[in-house]
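Residue numbers begin at 1 in each chain, while the letters A, B, ... track the order of the sequences.
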There are 2 protein chains.
Amino acid sequence: MKIKVFIVDDHFMVIEGLRALLQGAADIDFTGHATNAASCLAYLKKEQPDVILMDINLPDQSGIDLCKHVNENYPEIAVLAVSSFNQRSFIQNMLDSGAKGYVLKNVTQTELWQAIRAVAIGKTWVSAEVVQTLRQRQPDRPVITRREKEVLECIAQGLTNPQIAEKLFVSITTIESHRKNLLHKLNVNNTASLVRQAFYYEFISIQNEK
Amino acid sequence: MKIKVFIVDDHFMVIEGLRALLQGAADIDFTGHATNAASCLAYLKKEQPDVILMDINLPDQSGIDLCKHVNENYPEIAVLAVSSFNQRSFIQNMLDSGAKGYVLKNVTQTELWQAIRAVAIGKTWVSAEVVQTLRQRQPDRPVITRREKEVLECIAQGLTNPQIAEKLFVSITTIESHRKNLLHKLNVNNTASLVRQAFYYEFISIQNEK
DNA sequence: CCCAAACTCCCGTTTTCAGGGGATAAACAG
DNA sequence: CTGTTTATCCCCTGAAAACGGGAGTTTGGG
């Protein structure tokens, strides 16, 4: 019985590439592909592969969500994440969402085969480079509370304490306290470095318009 | 006479994918591939293709630099950038470095063929989506002077005016003036939003250690 | 050679922040 | 049920920043 493999990726070239890499494996059968989450789900309603090779970046939905969904509704299907990002957050998110494996897009043919065989029988397969990344001690990210994060966002938006107080319906002194705690937690001593560190630790991102 | 195409990409899967996409084109000949800039240059010393499909992210050297080098030393070879990034800075950098075209990694087979044929005869080919990106008006990036940028960096590092003054060997009032001008130019009214905007406009980046 | 820009410097006032010290109620986990 | 965390609130002081104004000196490009 061959291992049925389905591919989800929005890049034609990746699909073709994976397909080419799969060729020659006697025990692996390529059963189809989808370029977005929706058509993947549609396919799954009719047929279920053994393994899904899945990208993290899909046009309609994140691979994270799709992975979660597949895991909940088709627990027998193993998801093998195929990503170009060797970054802790991505890896952790995919594995947390139920992915059985994570390989990079520079994967070799033999490793891809191994990975597929591994996840197909319920094992976990993570590329060596990915394991490396996971092993690296992550910088101690300070723990800030929900409220502190709100205040931090307001600060970064350029609001003053009185303005923040008004916005959050609390006293000015409360904001001063939160601010004091934030300075301590992020180990800085003024607004400028507070904002810089907030970006560094990704408590806030640059998206917020003006 | 077939168009000789060489591929430079560090992802096996992309190489295989491109190769698969190239198959079936009667006038296109795949002549080889390299997974880094060095081996690409080594190949070029022996043989010259007509077109190089080149990734921007190479392990040893950026595609930008490789592109520049190819352009200077082998002006007859057309470089077609194949990237997953539809971002202004990348596109502009590659084209400025002499790339004859820029397609995304979700390119279809027919478009890839068209693009290769175009650049092979000296034309330029840029994917429709890429053109879109290029057309989007870039946000007016304020013009700040060299000195102002220095001050901005100091501010983001958490230095106070007196500290910056000492560091740059000028008076405190001078720094106050620069700061005043920065607030005006970036259209903000306090340090927090100044730092945020500085990140936004990429006057400063997050690399700088604590 | 001249002008505009860049860089430098100064004054005074008001607002905001940093820092230090507390305190209390609620919620949560052991 | 107790201890910790979280969120709230208060006071005070001195420092720093924001805002308004003005002004002299290099300097690079037309």
Side-chain angles (χ1 to χ4, degrees), chain A residues 96 138-204 208-210, chain B residues 139-204 208-210:
Chain A
D96 286 349
Q138 47 193 335
D140 302 324
R141 194 177 181 223
V143 177
I144 65 171
T145 67
R146 207 170 33 255
R147 199 57 163 172
E148 281 164 354
K149 197 188 168 194
E150 282 185 79
V151 174
L152 192 47
E153 277 163 359
C154 290
I155 293 172
Q157 275 165 27
L159 301 182
T160 66
N161 287 350
Q163 289 172 323
I164 300 171
E166 195 182 358
K167 187 176 176 185
L168 301 184
F169 306 111
V170 292
S171 156
I172 295 175
T173 59
T174 302
I175 304 300
E176 282 170 351
S177 287
H178 286 311
R179 197 166 195 142
K180 217 180 295 184
N181 293 330
L182 282 168
L183 291 175
H184 276 132
K185 287 188 176 179
L186 299 208
N187 193 32
V188 292
N189 50 25
N190 61 35
T191 305
S193 27
L194 180 64
V195 174
R196 188 176 97 289
Q197 288 301 88
F199 276 112
Y200 176 72
Y201 289 120
E202 294 177 14
F203 289 132
I204 54 177
N208 331 332
E209 92 294 359
K210 170 65 209 303
Chain B
D140 301 324
R141 197 178 179 220
V143 177
I144 65 171
T145 68
R146 210 168 34 257
R147 199 56 161 172
E148 283 165 352
K149 197 188 168 193
E150 283 184 78
V151 173
L152 192 48
E153 277 163 359
C154 290
I155 292 172
Q157 274 164 27
L159 302 182
T160 64
N161 287 350
Q163 290 172 324
I164 300 171
E166 196 182 357
K167 188 175 175 185
L168 301 185
F169 306 111
V170 292
S171 156
I172 295 175
T173 59
T174 302
I175 304 300
E176 282 170 353
S177 287
H178 286 311
R179 198 164 193 144
K180 216 181 297 186
N181 293 331
L182 282 168
L183 291 175
H184 276 131
K185 286 188 176 180
L186 299 207
N187 191 33
V188 291
N189 50 24
N190 61 35
T191 304
S193 27
L194 180 64
V195 174
R196 187 175 99 287
Q197 287 301 89
F199 277 112
Y200 177 72
Y201 289 121
E202 294 177 15
F203 289 132
I204 55 178
N208 331 330
E209 91 292 0
K210 175 63 206 306

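Here B/T160 lies in heavy-atom contact (under 4.0 Å) with sugar-phosphate atoms only. Heavy atoms of B/T174 sit under 4.0 angstrom from at least one base atom.
Using a 4.5 Å cut-off on side-chain heavy atoms (C-beta onward), B/F199 and B/R196 make no contact.
Within the 3.5 Å criterion, the main-chain N or O of A/S193 finds a donor-acceptor partner in the side chain of A/N190.
Closest-nucleotide positions on DNA chain D for A/E176 and A/N190 were compared, and the one nearer the 5' end corresponds to A/E176. Mapping A/V143 and A/F169 onto DNA chain D via the closest heavy atom, the residue that lands nearer the 5' end is A/V143.
Ion pairing between a basic and an acidic side chain is recognised when a charged N comes within 4.0 Å of a carboxylate O; B/R179 and B/E176 show no such pairing.
When the shell of 6.0 Å around NZ of A/K185 is examined, it contains more than 12 heavy atoms from other residues, nucleotides or ligands. Counting heavy atoms of neighbouring residues, nucleotides and ligands inside a 6.0 Å radius, atom CD of A/Q163 exceeds 12 of them.
Between the P atom of D/dA15 and the CG atom of B/L159 lies a distance of 19 Å, rounded to the nearest Å. Atom P of nucleotide D/dA17 and atom CG of A/L194 are separated by 14 Å, given to the nearest angstrom.
Nearest heavy atom pair, residue A/P142 against residue A/F203, reads O-CZ, 3.3 Å. Contact between A/T191 and B/A192 at its shortest, heavy atoms only, is CG2-CB, 3.6 Å. Nearest heavy-atom pair, A/V195 versus A/A156, reported as atom, atom and distance to 0.1 Å: CG2-CA, 4.4 Å.
Taken residue by residue, residues 177-185 of chain B places heavy atoms nearer than 4.0 Å to DNA chain C at B/S177, B/H178.
In the 5' to 3' direction, nucleotides of DNA chain C lying under 4.0 Å from heavy atoms of chain B begin and end at C/dA6 to C/dC10.
Neither OP1 nor OP2 of D/dT8 sits under 4.0 Å from any side-chain N or O of A/T173.
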